[in-house]
Amino acid sequence: MVRTFDEIVNRAKEIGPKRAAILFPHDADVLHAVMDGMREGLIAPVLVGDTERIISTAQQSGIPIGTMEMIQRVDPQEAADLCLDMMLNNEVSFAVKGNILTTYLYRSLIRVTKHLAPDQAPCTICFHYLPAIKKIFAITDPGVSITPDLASKEKILANTIQVFRSLGYASPCVMVLAVRRFREESSQALEEARLLQQGAAAGKFGPCEFLPHTDLLELAKGGGLHPETFPDIFLVPHINAGNILVKTIDHIMAGIRQCVTVGGGMIVLTPSRSDGYKVRIKNLALGLALASAGRR
Amino acid sequence: MDVSLNTIFELAKFLKKRTVAITGRADPAAFKALLTARDRGWLDPLACGQSLEPLRPQMDLLLPNADIREARDGVLELLENGKVEALLDTGPLDEDLFSFLDHLAATDNGTRVISYVSVFRSVRNGRLTLFTDTLIHTSPSLKEKAGIIQNAASVAEALGIEHPKVAALGPIEIVNPAIPSTVDAAALAKMAERGQLGDVIVEGPLAMDNAESAEAAHHKGIESPVPGDVDIYLFPDLESALLSTQFVRCLGPFEVAGVVAGTKAPVIIHSPADSPESWLHNIVLGLLQGKRI
């Protein structure tokens, strides 16, 4: 079981490099991370994008990409589709988002997931590390589903719990977030949280622990803000809450964040386009660790 | 970087001493802060209702037989008659309290929107930073969001923040009709640009990363004075606001205080998302909101 991003990097280095499709590596930060990922033995990159632009960026930034494999695709949707097809055909182990709108990758991933595993819902999982907690925890889904219903939430949780198992968590601890609104007795999110807890108790998600709390204040009252008792997985009610929360942790609270989008056994690293190179290299290690854990 | 809220106490020197009616349940933390505020000369307290009997040795007690609801009704009369200038309610935060607040909605800007503003200091620049609405509106409409921004701007003004910059948050920085928060945020930015929201600069939609970093925003093609220099974060809904505020309060080094905004007289309460020890900060924040009287 890994508890920090450094442990994930160490595990990835032990595993050794895997082929990874880098989608639209059109700026220097992305190319730097790819280059260092290759030097660190994390990836054997396949650069997919506008090759002329990639070469020009590399030359301007002094990044030696001469030996890297490149595939010309200018249309973003065609490029995203190609990356997922390469993963589907076992030509690469995972894909990495470069300078492209995430929407293109989500579309491709939804298509492939429907084909491979129609019962699954692709979801984004953001892993965080905060000094106050001293272990990684994840928030899902801040990226793909805008307003997931109960069935979608079940699929998102099943997906995320499986990812944690692949990282060595035998029984991940889950908390479904649904704040109590002061003017209402209940809410849809609270009701769905209760149903998800009941489903978990009935064994719907396999070995895992669901906390009865639905917000952090309740958790704090129960003494849960310690590494041993803090949840591994938080399910958010919708994309507004999830996306703003993960970026609040990252930017307001100075935490560390690594994002991956999964579905149908496909692994797509989805760093934000605003992420710098240090964030991206740790992201590569996460992709490698997940790809080597027999997700497919 | 010091992120304590003690800077708020420095603003207390600008306070005009007010008569404050106290209602609600017996809350030792609130009582302690109240007596400290009195001793510092910030307010003259007037307890109202049977539940505040423990305060009788310390101050006058009005309506000694009234329950909390009756005491709140009585306080509205005192306010109308000019016998008190501000209110402090120790809870509970129930429907009765929210109805009480509804009666106190200001009408001077035509919005009749009451909202809550959470205040903490940024780790990045040490400045007071405002999150809103962190208590009252579950899914505010565009009109309500406009009022929430104006309310937060008046809180910012009371804190000495001139021409506050507002990030209208969404999950992404482009307008997507499938995500209503992005549409509202864009409309609010346009309303502000046309001068409809007063002396504020609003940018939106902004995801939190490009709100916090001018470089990240520039990377995404957003050219605006707001990213990297935000005073007020407008959240699209209560779940987004509360979850983020709870994480900031529980897992960060931050103290979080809060204030009701949009009322015709200062109202001091304590939200669960506020730090437990923030009552005294909340009192100063509340008393600073005096311009509407």
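Numbered from 1 within each chain, the chains take letters A, B, ... in sequence-line order.
B:Glu239 places no side-chain N or O within 3.5 Å of a backbone atom of A:Ala241 that could act as its donor or acceptor partner.
When heavy atoms are compared at a cutoff of 4.5 Å, A:Ile133 approaches chain B solely by way of its side chain, counted from C-beta outward. Proximity to chain A involves both the backbone and the side chain of B:Ala178, based on heavy atoms less than 4.5 angstrom apart.
The side chain to side chain donor-acceptor pair (under 3.5 Å) search around A:Arg194 returns A:Glu191, not counting sequence neighbours.
Expressed to the nearest 0.5 Å, how far CZ of B:Arg249 lies from CG of A:Leu216 amounts to 9.0 Å. With values rounded to the nearest 0.5 angstrom, B:Ile179 atom CD1 is found 8.5 Å from A:Asn243 atom CG. Interatomic distance, B:Asp237 CG to A:His238 NE2, rounded to the nearest 0.5 Å: 4.0 Å. Atom CD of B:Glu212 is separated from atom NE2 of A:His251 by 7.5 Å, given to the nearest 0.5 angstrom.
Proximity of B:Cys250 to A:Leu217: side-chain heavy atoms (C-beta onward) are separated by under 4.5 Å at one or more points. At a threshold of 4.5 Å between non-hydrogen side-chain atoms, the residues B:Leu243 and A:Pro237 count as touching. Taking the side chain as every heavy atom from C-beta outward, B:Met208 and A:Ile252 approach each other to under 4.5 Å.
Under the 3.5 Å distance criterion, with hydrogens and angles disregarded, no donor-acceptor pair is assigned to the side chains of B:Ser240 and A:Asn240.
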Stepwise, does the side chain to side chain contact (heavy atoms under 4.5 Å, CB included) test hold for A:Lys247 with B:Asn210?
CA-CA 9 Å; A:Lys247 290 171 179 171; B:Asn210 36 62; over 6 Å; no
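Residue-level contacts of residues 144-153 of chain A with chain B, in order of numbering, are A:Ile146; threshold 4.5 Å between heavy atoms.
For B:His218, the NE2 atom sits in a loose shell: 12 or fewer heavy atoms of surrounding residues, nucleotides or ligands are nearer than 6.0 Å.
In terms of non-hydrogen atom pairs under 4.5 Å with chain B, the most contact-rich of A:Thr248, A:Thr103, A:Ile239, A:Leu225 is A:Thr248. Comparing A:Leu130, A:Ile244, A:Leu219, A:Val246 by heavy-atom pairs within less than 4.5 Å of chain B, the highest count is held by A:Ile244.
A:Phe137 and B:Phe247 have tilted rings, their planes meeting at an angle from 30° to 60° on a 0 to 90° scale.
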